[in-house]
Amino acid sequence: MESVPVTSTEAELISEINKLKKEKNAVILSHYYMPASIQQLEREGGVADFKGDSLGLSIEATKVKAQNIIFCGVNFMAETAKILNPAKNILIPDKEAGCSLASSITAQDVIALKKKYPGVPVMAYINTYAETKAECDVCCTSRNALKIAAQLPGDTIIFIPDKFMGENLKRQIQATTKKNLILWNGTCEVHEQFSSRSLASFQKQFPEAEMLMHWEVPNETVADNLFTGKGILGSTNDILTYAGASNSKQFILASECDFSSTLKAAYPEKEFITPCIYCPYMKKINLQNILKALQSIGNNEQQHYEISLNAELLMRAAIPVKRMMELS
Ligand code: 13P
Ligand code: SF4
């Protein structure tokens with residue numbers, strides 16, 4: 001992977017972070033939506049020890065030997081790492097790193113749904129907070145949602161909280177089964193911006209390009225722009241794999257802007273046209289607050305960054321997350 005150019009201040013921060021994480025017995029996990037200088041591995045000129053999609057990061061969190069994990073992603077992801085590793089210290093450089101999907105639904109909302117549809121299994125997208133997860137039967141990420149839905153009993157599933165991802169899943173599930181999905185009204189404020197019209201104009205400009213669309217893109221956009229041409233509707237990881245395997249040289253990316261740096265670095269011979277929309281929550285994390293989180297380890301400031309969930313909540317939220325791991 002080629003490294004991206006950094007300013008001298010960034011270079012100093014990167015070198016300070018890489019030195020300190022060894023001294024503090026810490027590793028840095030980074031989501032693909034982080035800026036290149038963060039998600040690039042140390043040997044590539046960045047600060048990450050591991051980069052991945054949300055499922056990849058959850059799995060990696062269970063293998064980490066270091067006592068401290070600096071989680072460069074958003075809160076619900078850092079919480080998942082804590083749920084899977086209650087004995088480790090999980091630090092997020094800015095606790096304001098939220099998510100419009102996670103904040104669209106509460107535990108009380110799930111309790112009300114279960115009352116309205118008794119006995120119907122509740123499948124929660126990983127983009128939910130621990131209190132919400134604790135009320136659900138199973139979790140899923142964008143990578144394993146179809147596989148998990150297929151294994152749930154009965155002919156109806158409550159899927160929360162992304163209504164567009166739910167509509168996209170429903171269309172694929174109903175192509176082969178009679179299963180119905182009851183949906184919540186949440187949306188990702190990044191992916192919902194990929195309108196049918198804007199993508200159609202990119203497609204007109206680049207007629208040879210294939211479409212790379214995340215599950216969270218509105219179902220109307222998918223129907224209008226993907227089914228007329230080549231490409232994939234899938235998870236972050238599916239998109240990365242598909243772009244590598246495809247013979248095409250040009251792609252239009254309908255996902256978070258910084259993910260294009262992952263794609264460009266992985267496949268430098270290919271072109272990724274990216275209508276650039278950033279997740280404001282992911283962008284709360286930067287080199288400065290990563291350094292501060294590292295410096296806090298072992299002193300009073302640590303609690304400012306550390307994910308703290310009470311023992312009962314950790315135990316209850318672990319049930320649907322572990323079920324997801326077993327079924328995926
Ligand atoms: P992935 O599960 O594909 O990493 O996506 C997480 C996310 O927040 C997408 O917006
Ligand atoms: Fe949440 Fe969307 Fe940001 Fe992903 S991109 S963290 S779903 S707001």
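Bear in mind that the values here come from a model prediction, so they are computed numbers and not experimental data. Just follow the structure's listing: the first ligand is 1, and inside any ligand the first atom is 1.
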ask   = Can you find a side-chain donor-acceptor pair between Q295 and Y305 that sits under 3.5 Å?
value =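 Y305 and Q295 do not have a side-chain donor-acceptor pair below 3.5 Å.
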Nearest to [atom], what protein heavy atom do you find, and at what distance?
atom: atom 10 (O) of ligand 1; answer: E216 OE1, 2.8 Å
atom: atom 2 (Fe) of ligand 2; answer: C188 SG, 2.3 Å
atom: atom 3 (O) of ligand 1; answer: T236 OG1, 2.5 Å
atom: atom 7 (S) of ligand 2; answer: N127 ND2, 3.2 Å

Distance under 4.0 Å to a non-hydrogen atom of [X]: what atoms of ligand 2 satisfy this?
X: L101; answer: 7 (S)
X: S100; answer: 8 (S)
X: C279; answer: 3 (Fe), 5 (S), 6 (S), 8 (S)

Using heavy atoms and a 4.0 Å limit, tell me yes or no: is [X] in contact with ligand 1?
X: Y33; answer: yes
X: H191; answer: yes
X: H214; answer: yes

Is there a nitrogen or oxygen of [X] sitting under 3.5 Å from a nitrogen or oxygen of ligand 1?
X: H31; result: yes
X: S142; result: yes
X: S235; result: no

Hey, is the main chain of [Y] close enough, under 3.5 Å, to the side chain of [X] for a donor-acceptor pair?
X: S246; Y: S248; value: yes
X: Q39; Y: A36; value: no
X: R323; Y: D137; value: yes

Crowding at [atom1], [X] (>12 non-hydrogen neighbours, <6.0 Å):
X: K147; atom1: NZ; value: no
X: Q303; atom1: CD; value: no
X: N310; atom1: CG; value: yes
X: Q67; atom1: CD; value: yes

message = Please verify the inter-ring angle class for F251 with Y242; under 30° counts as parallel, over 60° as perpendicular, anything in between as tilted.
response =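 Ring orientation of F251 relative to Y242: perpendicular.
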query = F194 vs H191 aromatic rings, parallel, tilted or perpendicular, using cut-offs 30° and 60°?
reply =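 It falls in the tilted class, 30° to 60°.
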query = If hydrogens are left out, which of N127, T141, L101 has an atom nearest to atom 8 (O) of ligand 1, that is, the closest non-hydrogen atom?
reply =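 Ranked by closest heavy atom to atom 8 (O) of ligand 1, first place is N127.
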query = Which heavy-atom pair separates H214 from I239 by the least distance, and what is that distance?
reply =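 Looking at all heavy atoms of both residues, the closest pair is N-CD1, 3.9 Å.
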ask   = Where do A26 and D49 come nearest, in terms of heavy atoms and distance?
value =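 Taking A26 first and D49 second, the nearest heavy atoms are O-OD2, 4.5 Å.
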query = Under 2.8 Å from atom 2 (Fe) of ligand 2, is there an N/O/S atom belonging to H191?
reply =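 No, since none of the N, O or S atoms of H191 sits under 2.8 Å from atom 2 (Fe) of ligand 2.
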inquiry  = Tell me whether E216 reaches ligand 2 (any heavy atom closer than 4.0 angstrom to a ligand atom).
reply    =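 E216 counts as a contact of ligand 2 under the 4.0 Å cut-off.
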ask   = Can you list the ligand 1 atoms lying under 4.0 Å from a non-hydrogen atom of D53?
value =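 Listed by number with element, the hits are 4 (O).
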key: Per-atom contacts, ligand 1 versus S54 - under 4.0 Å to a heavy atom   =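 Taking each heavy atom of S54 in turn, ligand 1 has 1 (P), 2 (O), 4 (O) under 4.0 Å.
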message = Would you say atom 3 (Fe) of ligand 2 has C99 as a near neighbour, meaning an N/O/S atom of that residue under 2.8 Å away?
response =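 Checking C99: none of its N, O or S atoms is under 2.8 Å.
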